[in-house]
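Below: one structure, written as structure tokens.
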Amino acid sequence: ILPSVAAHPLLRLDAAGVLVSVSSDNAEMFGVDVADELSKVRDAFDADLDTVGRLCRSSFESAWLDDVERHRYLTELDVALSAAARIDER
């Protein structure tokens, strides 16, 4: 157990080429979902949109999905990230 999110080697592992993702356990039970966890990572590491997007992409790449579902989710993610990048540019 780590003392904080910032103490986690998440981004060092990512930089080393390890496929890492951010997830939540049981949102209903713990009241924390993936968006909450990604926000914590973003804040703890001052992560930019590309980094958060890469972590999201890794989640879909490593998920137990068939190729059709995986492609659909990754396409939706790309659309959302593209829209977010346009907003960031403003």
Side-chain angles (χ1 to χ4, degrees):
I1 300 203
L2 300 168
S4 67
V5 173
H8 196 285
L10 178 77
L11 295 187
R12 286 194 311 264
L13 292 167
D14 179 55
V18 175
L19 184 68
V20 294
S21 62
V22 175
S23 61
S24 64
D25 190 9
N26 185 330
E28 292 296 317
M29 179 181 275
F30 297 111
V32 177
D33 62 20
V34 175
D36 295 324
E37 297 298 329
L38 285 167
S39 293
K40 289 176 189 174
V41 168
R42 180 201 61 213
D43 295 346
F45 295 105
D46 195 28
D48 61 14
L49 183 61
D50 288 340
T51 301
V52 173
R54 191 171 52 255
L55 295 171
C56 291
R57 178 170 282 286
S58 294
S59 297
F60 290 115
E61 289 173 349
S62 62
W64 289 80
L65 298 169
D66 63 47
D67 290 341
V68 172
E69 279 187 296
R70 180 181 280 84
H71 178 74
R72 181 172 59 87
Y73 284 122
L74 288 171
T75 300
E76 289 177 17
L77 175 62
D78 288 342
V79 169
L81 290 171
S82 180
R86 285 193 303 275
I87 291 169
D88 253 6
E89 291 172 355
R90 293 182 189 168

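Just so it is clear, the model here is predicted, and its values are computed rather than measured.
Cluster annotation: Leu11 and Leu19 are assigned to distinct hydrophobic clusters (Ile/Leu/Val/Met/Phe/Trp/Tyr, side-chain heavy-atom contacts under 4.5 Å, transitive). The cluster map of Ile, Leu, Val, Met, Phe, Trp and Tyr, joined by side-chain heavy atoms under 4.5 Å apart, puts Phe60 and Val20 in different clusters. Follow the hydrophobic side-chain contacts under 4.5 Å out from Leu81 and you never reach Leu55; the two are in separate clusters. Linking Ile, Leu, Val, Met, Phe, Trp and Tyr residues whenever their side-chain heavy atoms come within less than 4.5 Å leaves Leu38 and Leu49 in two separate clusters.
With contacts defined as side-chain heavy-atom distances shorter than 4.5 Å, the pair Leu10/Val5 does not qualify. Residues Cys56 and Val22 fail the side-chain proximity criterion, which asks for heavy atoms closer than 4.5 Å.
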Got a list of side-chain donor-acceptor pairs under 3.5 Å for residues 29-37, not counting sequence neighbours?
from: Asp33; atom 1: OD1; to: Ala35; atom 2: N; distance (Å): 3.2
from: Asp33; atom 1: OD1; to: Asp36; atom 2: N; distance (Å): 2.9
from: Asp36; atom 1: OD2; to: Asp33; atom 2: N; distance (Å): 3.0

Show me the donor-acceptor pairs, under 3.5 Å and distance only, between side chains in residues 40-48 and residues at least two apart or in other chains.
from: Asp48; atom 1: OD1; to: Asp50; atom 2: N; distance (Å): 3.4
from: Asp48; atom 1: OD1; to: Thr51; atom 2: N; distance (Å): 2.8
from: Asp48; atom 1: OD1; to: Thr51; atom 2: OG1; distance (Å): 2.8

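A side chain to side chain contact (heavy atoms under 4.5 Å, CB included) with Leu74 is found for exactly one of Arg72, His71, Glu76, Arg70, namely Arg70.
Using a 3.5 Å distance cut-off with no hydrogens or angles, the side chains of Ser58 and Arg54 do not pair a donor with an acceptor.
For Ser4, the side chain to side chain contact (heavy atoms under 4.5 Å, CB included) partners at least two apart in sequence or on another chain are Ala6, Ala7.
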Trace of the side-chain contact (heavy atoms from CB on, under 4.5 Å) decision for Arg57 with Asp78: CA-CA 9 Å; Arg57 178 170 282 286; Asp78 288 342; 2.3 Å; yes
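Distance check: Ser21 OG to Glu61 CD gives 10.0 Å after rounding to the nearest 0.5 Å.
Considering all non-hydrogen atoms of both residues, Asp66 and Val68 come closest at OD1-N, 3.0 Å.
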